[in-house]
Amino acid sequence: MDCTLCHQGTAVNGGGGEVTIEGPLAYEPGETYDLEVRIIDSSATRWGFELTVLDAASDAAVGNLVATASGTASAESGGRQYLRQTSAPSASE
């Protein structure tokens with residue numbers, strides 16, 4: 001899975017790096033699942049992420065995102081919940 005599904009025409013995963021999201025392919029309402037976001041690019045000096053979870057058929061927001069790792073936060077915007085990094089990670093950190 002990569003970001004080009006929503007970011008058509010951009011260079012997401014088009015360079016030397018790779019963004020992956022590990023998690024279930026489907027979910028059961030009321031269950032809790034862990035997601036892992038990985039950003040790998042040995043030549044990048046900065047990187048980050050923001051994600052939301054949508055129903056494939058209706059494009060409606062589903063689930064409840066909870067930030068559990070340091071440097072991440074969840075917020076709502078436009079009826080959707082987003083999870084994102086809260087700092088500007090860099091190779092020098």
Side-chain angles (χ1 to χ4, degrees):
M1 174 183 299
D2 67 41
C3 301
T4 58
L5 181 65
C6 296
H7 296 273
Q8 295 144 350
T10 62
V12 176
N13 280 349
E18 179 180 338
V19 176
T20 60
I21 302 171
E22 302 243 348
L25 296 177
Y27 78 99
E28 292 292 326
E31 295 295 318
T32 300
Y33 300 95
D34 291 329
L35 298 177
E36 183 174 335
V37 178
R38 287 191 195 123
I39 303 169
I40 302 168
D41 187 343
S42 61
S43 65
T45 57
R46 292 203 169 286
W47 53 86
F49 77 94
E50 179 177 73
L51 65 88
T52 191
V53 182
L54 305 174
D55 179 89
S58 68
D59 204 34
V62 294
N64 182 36
L65 296 172
V66 177
T68 59
S70 64
T72 62
S74 60
E76 291 193 29
S77 176
R80 294 181 175 172
Q81 188 177 28
Y82 294 86
L83 187 67
R84 63 179 176 83
Q85 88 280 355
T86 57
S87 60
S90 70
S92 62
E93 291 181 11

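The chain is numbered in sequence order, starting from 1.
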- For residues 26-36, pull every pair meeting salt bridge (charged side-chain N to carboxylate O under 4.0 Å, His left out), keeping only residues two or more places apart or in separate chains. E36-R38

- Query: Picking from T72, V19, I21, what satisfies side chain to side chain contact (heavy atoms under 4.5 Å, CB included) with F49?
  - Reply: T72

- Hey, mind stepping through V62 and L54 against side-chain contact (heavy atoms from CB on, under 4.5 Å) and telling me if it holds? CA-CA 5 Å; V62 294; L54 305 174; 5.8 Å; no

- Task: Nearest 0.5 Å please: distance from the OG atom of S74 over to the OH atom of Y82.
- Result: 13.0 Å

- Message: Rounded at 0.5 Å granularity, tell me how far CG in L65 sits from CZ in R84.
- Response: 13.0 Å

- Task: Look only at the side chain of T86 and the backbone of A73, and say whether a donor-acceptor pair between them is shorter than 3.5 Å.
- Result: no

- Task: Give the minimum heavy-atom separation between P24 and L35, together with the two atoms involved.
- Result: CD-CD2, 4.1 Å

- How close do A61 and G79 get, heavy atom to heavy atom, and via which atoms? CB-O, 3.7 Å

- Message: Once side chain to side chain contact (heavy atoms under 4.5 Å, CB included) is applied, do any residues pair with P29, and if so which ones, sequence neighbours excluded?
- Response: Y27

- Message: Using side-chain contact (heavy atoms from CB on, under 4.5 Å), reason through L83 and E50 one step at a time and then give a plain yes or no.
- Response: CA-CA 6 Å; L83 187 67; E50 179 177 73; over 6 Å; no

- May I have all residue pairs that pass salt bridge (charged side-chain N to carboxylate O under 4.0 Å, His left out) and include part of residues 55-79, sequence neighbours excluded? D59-R80

